[in-house]
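We use all heavy atoms of the structure for the numbers below, so side chains are in, but hydrogens, waters and symmetry mates are not. We count ligands from 1, going down the list as the structure has it; atoms in each ligand are counted the same way.
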Amino acid sequence: MPSPKTTRAMGSNSTSSATTNNGKFEFSSLVNSRTPLSDSPSARLRASESPVRRKDSLSSQQVLPEEDCMKLNPSFLGIAFRSLLAIDLWLSKKLGVCAGEHCSWGSARPLMKLIEISGHGIPWIAGTLYCFYKSDSLAVQEVVLNLLFALILDLILVGLVKGAVKRRRPTHNRMDMFATFSVDKYSFPSGHATRAAMVTHFLLNHLVLAIPVRVLLMLWAVIVGFSRVMLGRHNITDVAFGFLMGYMQYNLVEYLWLSPSTVPALFNL
Ligand SMILES: CC(C)=CCC/C(C)=C/COP(=O)(O)O
């Protein structure tokens, strides 16, 4: 692939031309792939095209395919976004202190894995089903059924976003998670973070809890989020978006609230 420094292709004649500097081709700007080589003052260089081959092989009317081009003038937002991602990866790797037994906090890994199980979907769904089975009043059944609905909705929405974004987990992650599903190989967003945020919001709003219990519940959610990064399962942005998504999922459950008047069949179990 030619050197990224490029010399303006002087398209005055039917084919582009390149200048050489001690035999090394230099380009100051590139020809736009969407217009004929001879017309545009700035452009892109076909990544697989060497200057020498390009001069001979491309006529002035041939348009370079977009996918073959390398964009050398990214927007400010593009640069800012990539810088944020680079900081995210770097800081997440720094915070992955329990990613393995050999890490600086490797001895805390068993505790982090216990916290991981406390935020897993299976224990929450199994526990909620048990509470629904044992519930003896319509009011309790209504709350428990909506919690079950929220947990299932969380799995579906997180699975869809994971499958769409397909962000790989951090390289330092050791994939030894308890009971995972296909899309759980992907990192964005953190399903534990969405679940912790959603469940905490749900319980704080639908259960009468003493202040210390409310504080412990919120603390649990934050610790689950931190544990995802410390275990190396996620980057910080995966968890941050997970918390935001979990909060939005709770509001969606409130909007779609299942009540005996709207879905009586669910309550005649
Ligand atoms: C298979 C079931 C019922 C739940 C999967 C729960 C799970 C493994 C989610 C992944 O969480 P992270 O995205 O935080 O790693």
- request: Output, in order, the C-alpha distance, side-chain angles, deciding distance and verdict of salt bridge (charged side-chain N to carboxylate O under 4.0 Å, His left out) for Asp88 and Arg167.
  value: CA-CA 13 Å; Asp88 178 35; Arg167 186 185 195 186; 2.9 Å; yes

Does [atom1] in [X] sit with more than 12 non-hydrogen atoms of other residues, nucleotides or ligands closer than 6.0 Å?
X      : atom1 : answer
Trp105 : CH2   : no
Arg174 : CZ    : yes
Phe178 : CZ    : yes
Phe226 : CZ    : no

Determine whether the side chain, the backbone, both or neither of [X] has a heavy atom under 4.0 Å from any heavy atom of ligand 1.
X      : value
Arg233 : neither
Lys185 : neither
Met175 : neither
Asp238 : neither

Item checked: Whether Lys162 side chain and Phe188 backbone form a donor-acceptor pair below 3.5 Å ->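 Not a single qualifying donor-acceptor pair exists.
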
I'd like to check whether [X] has a polar contact with ligand 1, where a contact means an N/O of the residue lying under 3.5 Å from an N/O of the ligand.
X      : result
Thr180 : no
Arg228 : yes
Ile125 : no

When you measure from the heavy atoms of Glu116 to every atom of ligand 1, does any distance fall below 4.0 Å? no

Could you tell me the residue and atom name of the protein heavy atom closest to [atom], and the distance to it rounded to 0.1 Å?
atom                    : result
atom 3 (C) of ligand 1  : Ile122 CG1, 3.6 Å
atom 13 (O) of ligand 1 : Lys162 NZ, 2.7 Å
atom 5 (C) of ligand 1  : Asp184 OD2, 3.6 Å
atom 11 (O) of ligand 1 : His192 ND1, 2.9 Å
atom 12 (P) of ligand 1 : His234 NE2, 3.1 Å

**Message:** For Tyr250 and Phe202, take the angle between the two ring planes, folded into 0 to 90°, and tell me which bin it lands in: parallel under 30, tilted 30 to 60, perpendicular over 60.
**Reply:**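 Tyr250 vs Phe202 ring planes: perpendicular.
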
Are Met218 and Val239 connected in a single hydrophobic cluster, I mean Ile/Leu/Val/Met/Phe/Trp/Tyr linked by side-chain heavy atoms less than 4.5 Å apart? no

Taking only heavy atoms of [X] into account, list the atoms of ligand 1 that are under 4.0 Å away from them.
X      : result
Gly191 : 11 (O), 12 (P), 13 (O), 14 (O)
Ser190 : 13 (O), 14 (O)
Leu155 : 3 (C), 4 (C)
Pro189 : 13 (O)
Arg169 : 12 (P), 13 (O), 15 (O)

Taking every heavy atom of Asn146 against every heavy atom of Val253, the minimum-distance pair comes out as O-CG1, 4.0 Å

Exercise. Is the Trp124 to His192 ring centre distance short of 6.0 Å?
Worked result: no

About how many Å separate CE of Met230 and CG of Leu95, when rounded to the nearest 0.5 Å?
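So the gap between those two atoms works out to 8.0 Å.
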
